**Q** 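Quick one: this structure, given as structure tokens, is what I'll be asking you about.
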Amino acid sequence: MSVDLATVKRVAKLARIAVTEEDAAKMEGELNTILGFVEQLNEVDVSGVEPMTSVTPMEMKKRTDAVTDGEKAGDIVANAPATEDNFFLVPKVVE
């Protein structure tokens, strides 16, 4: 796959990037080089290769899945005009 000058200008317009004619011509070559490298990567046989999160085998860091109030409920309602049991009290509105 190759990119022409019109495609570079269209992508720049979609990305809302101001590109001069000179820059567009330079970017055309750069994008074609990148796409050529991606095509080379597609030729590599990766069947049987497990997905990795790092180049060294390691266990992913995970936090415990626990529900907490964040221990900040008192700080959150501190400046409220009326509270009860760390909840905001608001006037009842019935129409």
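None of the values given here were measured: they were computed from a predicted structure. Computation of the quantities below employed the complete heavy-atom set of this structure, encompassing side-chain atoms and omitting hydrogens, waters and symmetry-equivalent molecules.
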**Q** Taking distance alone, no hydrogens or angles, what donor-acceptor pairs closer than 3.5 Å link side-chain atoms of residues 10-26 to residues at least two apart or in another chain?
**A**
{"unit_1": "Thr20", "atom_1": "OG1", "unit_2": "Asp23", "atom_2": "N", "d": "3.2"}
{"unit_1": "Thr20", "atom_1": "OG1", "unit_2": "Asp23", "atom_2": "OD2", "d": "3.3"}
{"unit_1": "Glu21", "atom_1": "OE1", "unit_2": "Lys9", "atom_2": "NZ", "d": "3.2"}
{"unit_1": "Glu21", "atom_1": "OE2", "unit_2": "Lys9", "atom_2": "NZ", "d": "2.6"}

**Q** Atom CE in Met27, atom CG in Leu5: separation rounded to 0.5 Å?
**A**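 Output value for this atom pair is 10.5 Å.
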
**Q** Under the 3.5 angstrom rule, does the side chain of Asn32 hit a backbone N or O of Ser2 as a donor-acceptor pair?
**A**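 No.
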
**Q** Between side-chain atoms of residues 71-88 and protein atoms elsewhere (two or more places apart, or another chain), which donor-acceptor pairs fall under 3.5 Å?
**A**
none

**Q** With no hydrogens and no angle check, is any side-chain donor or acceptor of Thr7 less than 3.5 Å from a backbone partner on Val3?
**A**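 A pair under 3.5 Å: no.
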
